[in-house]
Amino acid sequence: IATTSERALSGIPFHWRMIFIDGAHDYDSVKRDVELSLPGLMQGGLLVLHDAANSPSWPDVERYVRDCLQHSPLLQWYGACGTLVAFTKR
């Protein structure tokens with residue numbers, strides 16, 4: 001969905017098995033995208049972020065993952081591939 005997180009999530013039922021985030025790459029935008037979408041992710045569901053590893057052009061995405069997601073009690077590290085990182089929801 002190519003729009004803002006607020007617009008994309010309004011009126012859409014929750015209970016997703018996977019969320020793929022590839023939006024704006026500044027820290028606050030990544031934080032907003034994750035915080036708005038994470039409540040809709042099912043337990044055991046997959047949260048995937050693009051440009052969150054091995055991406056020197058986008059340090060804010062990597063910093064958000066390192067500072068917030070890797071220590072979140074709601075998420076468990078799943079893995080990384082290229083510039084993608086993935087977590088499962090506990």
Side-chain angles (χ1 to χ4, degrees):
I1 301 171
T3 187
T4 66
S5 297
E6 292 84 3
R7 284 185 182 173
L9 296 171
S10 66
I12 295 177
F14 283 69
H15 309 297
W16 303 312
R17 293 184 182 165
M18 183 182 128
I19 296 171
F20 180 82
I21 296 179
D22 183 19
H25 290 72
D26 62 279
Y27 189 95
D28 290 334
S29 293
V30 176
K31 182 176 188 278
R32 183 188 68 240
D33 290 347
V34 170
E35 288 177 351
L36 287 171
S37 59
L38 195 57
L41 187 62
M42 296 170 51
Q43 184 177 1
L46 200 59
L47 173 66
V48 181
L49 290 95
H50 186 247
D51 294 326
N54 304 309
S55 295
S57 298
W58 309 112
D60 280 356
V61 182
E62 289 191 51
R63 186 167 58 95
Y64 178 74
V65 168
R66 183 181 60 248
D67 294 352
C68 299
L69 299 184
Q70 287 183 341
H71 305 291
S72 171
L74 298 175
L75 299 171
Q76 179 175 342
W77 175 256
Y78 185 80
C81 181
T83 63
L84 301 173
V85 298
F87 296 87
T88 54
K89 187 172 181 183
R90 298 177 196 242

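All residue numbers refer to positions in the sequence shown, counting from 1. Values in this document were obtained by computation on a predicted structure and should not be read as measured data.
Here the closest non-hydrogen pair linking D33 and G23 is OD2-CA, 4.1 Å. Across R66 and H71, no two heavy atoms sit closer than the pair O-CD2, 3.2 Å. A24 and V30 get closest at one heavy-atom pair: O-CG2, 3.6 Å.
Put simply, CG on L38 and CH2 on W16 are 10.0 Å apart, with the number rounded to the nearest 0.5 Å. Put simply, OH on Y27 and CG on D67 are 4.5 Å apart, with the number rounded to the nearest 0.5 Å. Of the inter-residue distances, the one linking D26 atom CG with Y64 atom OH reads 12.5 Å to the nearest 0.5 angstrom. To the nearest 0.5 Å, the span separating CG on L69 from CG on L49 amounts to 6.0 Å. In this structure, the separation between OG on S29 and CD1 on I21 is 11.0 Å, given to the nearest 0.5 Å. Rounding to the nearest 0.5 angstrom, the gap separating the CG atom in D51 from the OG1 atom in T83 is 5.0 Å.
Classification of the H25-H50 ring pair by plane angle, with boundaries at 30° and 60°, yields perpendicular.
Aromatic pair Y78/F87: ring centres not closer than 6.0 Å.
Ion pairing between K31 and E35 holds under the 4.0 Å rule for side-chain N and carboxylate O.
When atom types are taken as modelled, the side chain of S72 and the backbone of C68 share no donor-acceptor pair closer than 3.5 angstrom. A side-chain donor-acceptor contact under 3.5 Å links K89 to the backbone of L41. Checking side-chain atoms of R90 against main-chain N and O of L74 turns up no donor-acceptor pair under 3.5 Å.
Residue H15 places its NE2 atom among 12 or fewer non-hydrogen atoms of other residues, nucleotides or ligands, all under 6.0 Å distant.
W58 and V65 fall within a single hydrophobic cluster, where Ile, Leu, Val, Met, Phe, Trp and Tyr are joined by side-chain heavy atoms under 4.5 Å apart, directly or via other members. Grouping the Ile, Leu, Val, Met, Phe, Trp and Tyr side chains by contacts below 4.5 angstrom, directly or via other members, places V61 apart from V48. Taking hydrophobic clusters as Ile, Leu, Val, Met, Phe, Trp and Tyr residues chained together by side-chain heavy-atom distances below 4.5 Å, L36 shares a cluster with L47.
Every residue meeting the salt bridge (charged side-chain N to carboxylate O under 4.0 Å, His left out) condition with D60, not counting sequence neighbours, appears here in chain and number order: R63.
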Exercise for review: Decide side chain to side chain contact (heavy atoms under 4.5 Å, CB included) for I19 and L46; before the verdict, give the C-alpha distance in whole Å, the side-chain angles of both, and the deciding distance to 0.1 Å.
Suggested key: CA-CA 6 Å; I19 296 171; L46 200 59; over 6 Å; no
